[in-house]
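Only one structure is covered here, and it is reproduced in the block below.
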2 protein chains.
Amino acid sequence: MRNHQVVSVWLEQELAAGRLAIGSRLPGERTMAEHLNISRASVREGTRVLEALGVVRAGVGSGPQAGTIITGNPALALDAALRLHVASAHLPIKDIVETRLLLETWCVEHASRDSPALERAAALLDEMDRHHDGPAGFLERDALFHVALAEAAGNVLIGAMMGSLRGSIADYTQRLTAGLPVWTTTSERLRREHRAILAAVVGGQGAHAAHLVRDHIEGFYRESGIHRHSDSA
Amino acid sequence: MRNHQVVSVWLEQELAAGRLAIGSRLPGERTMAEHLNISRASVREGTRVLEALGVVRAGVGSGPQAGTIITGNPALALDAALRLHVASAHLPIKDIVETRLLLETWCVEHASRDSPALERAAALLDEMDRHHDGPAGFLERDALFHVALAEAAGNVLIGAMMGSLRGSIADYTQRLTAGLPVWTTTSERLRREHRAILAAVVGGQGAHAAHLVRDHIEGFYRESGIHRHSDSA
DNA sequence: TAGCTTGTGTGGTCCGACCACAGGACGTAG
DNA sequence: CTACGTCCTGTGGTCGGACCACACAAGCTA
């Protein structure tokens, strides 16, 4: 085992034993190095890994925000990993869209009708109606809308995955909208579909909502002309 | 931006530009440090992150296996991230089981009937019949069996997720089997179910296969007595 | 020609130093 | 007594240089 890995192993043990939890502050790098019998450089490498995985957050200075603190942000790891793997063409866009479809339909099917996240979703739709700041602003709110739906389903993992999935193909999506003939037309259709989806969820018609989501997503990509090709560049 | 991050950024650019691809060898750490105007320590921290995300693999010495080489192993990132987030109790076991259920039913529904992975799956079932080496060996082959099904569906992302999902709760599963009254009985039932699932997939009865998978997984956890509790310790 | 030796380049590890930063403790001027 | 400014301390961030184990390739040697 490489030296920097002992940090992860040690942390996992501490977490399992309950000696550390989310919000706890890790010992200083110098202290840890001595305690684990490795150099500070190795401790830092281990910490970088934990940071990349969304397990800790490092902050300089002193005070409550300083030091290395345990967080719980699995989306961070997925985000970074997906970005790079898409860039390396190892993850076909098709797979991501397919997965997104799967997760998203599941979310609306399992969303609880009275989740506060649904109110946030509704507010976002109102914003999209009011502000007409082009595809960029629209897509941003669109992303938040879908993430809100994920939250309503109450599964941390799936929520994180959905957020990262969207993030990993955000650039791609943005490029797609640039190729649309008339954005206004598309925008109106998408907003109409959003309303219908949310209404179905709030109305408890999960299966119907899932169907709408499927058409919504597939429709967008079809209109943008990718036809589930597996290009990623 | 912290210095070690320039490595990831640089790599993403190189990948996007097509100057590097999976299988390529990165410049040496010393060379990169000079090229990126950062210290070797920073380069190493950046490399550790990439390694943790499953984007590269580092090897010492010389020859084809030496140096830092670009790989495509998204499962590695998921694996590590899930392990730690489960340990920190940020990811309820319930969410993982739920997600696994979702992915796994999707897989058997979308598995192509003539995928070579299905033959591997069948071979694994034969092994499980022949070798009776207790829960440990059984669970290992069981995991491979489910991963094989994922491959048959032809989605890299979902395949990776499923593998990692299983890994993240492997310890947990192992502990569950220890509490079973009569392992032989359970084992026989599970094997029977595996056969039925595979038969349904090969027979093109996707919906039926999905149903069987759901019963299969839910049944196991129910029998083990967790009843979808959200403990993780 | 077969086998050993040496050379070279790789990542792995460590040390010690210095920096910027963000508070807390303290002392001083009002 | 209060308010402000200064110094101190501990944090992570960065750096340069050193040495190690390793694995292969080229070359020397028997």
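By convention in this document, chain letters (A, B, ...) are assigned in the order of the sequence lines, proteins followed by strands, and residues within each chain are numbered from 1. Values in this document were obtained by computation on a predicted structure and should not be read as measured data.
Applying the salt bridge (charged side-chain N to carboxylate O under 4.0 Å, His left out) test to pairs two or more places apart or on separate chains, those with a residue in residues 51-76 of chain B are A:Arg2-B:Glu51, B:Arg48-B:Glu51.
With sequence neighbours excluded, the residues that form a side chain to side chain contact (heavy atoms under 4.5 Å, CB included) with B:Thr105 are B:Ala210, B:Val213, B:Arg214. Partners of A:Ser62 by side chain to side chain contact (heavy atoms under 4.5 Å, CB included), not counting sequence neighbours: none found. Every residue meeting the side-chain hydrogen bond (donor to acceptor under 3.5 Å, both in side chains) condition with A:Glu14, not counting sequence neighbours, appears here in chain and number order: A:Arg19. Applying the side-chain hydrogen bond (donor to acceptor under 3.5 Å, both in side chains) test to A:Ser24 and every residue at least two apart in sequence or in another chain returns nothing. Listed by chain and residue number, nothing satisfies the side-chain hydrogen bond (donor to acceptor under 3.5 Å, both in side chains) test with A:Ser168 (two or more places apart in sequence, or in another chain). For A:Asp126, the side chain to side chain contact (heavy atoms under 4.5 Å, CB included) partners at least two apart in sequence or on another chain are A:Arg130, A:Arg195. Partners of A:Ser8 according to the side chain to side chain contact (heavy atoms under 4.5 Å, CB included) rule, which considers only residues two or more places apart in sequence or in another chain, are A:Leu50.
Annotation: proximity of residues 35-69 of chain A to DNA chain D (heavy atom, distance under 4.0 Å) is found for A:Arg40, A:Arg44, A:Arg48, A:Ala58, A:Gly59, A:Val60, A:Gly61, A:Ser62, A:Gly67, A:Thr68, numbered in ascending order. For DNA chain D, no neighbouring residue in residues 2-11 of chain A is found when judged by any heavy atom under 4.0 Å.
Ring geometry, B:Phe138 versus B:Trp183: the interplanar angle exceeds 60°, so the pair is classed perpendicular (tilted spans 30 to 60°).
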Can you give me every donor-acceptor pair (side chain of residues 154-161 of chain A, partner residue at least two apart or in another chain, under 3.5 Å) with its distance?
residue  : atom : partner  : partner atom : Å
A:Asn155 : OD1  : A:Leu157 : N            : 3.0
A:Asn155 : OD1  : A:Ile158 : N            : 3.0
A:Asn155 : ND2  : B:Asp95  : O            : 3.2
A:Asn155 : ND2  : B:Glu98  : OE1          : 2.8

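On the nucleic acid side, DNA chain D contacts chain A at distances under 4.0 Å to non-hydrogen atoms, with the end points of that region at D:dG10 to D:dT14.
Residue A:Arg30 contributes atom CZ, which lies 14 Å from atom P of C:dC15 at whole-angstrom precision.
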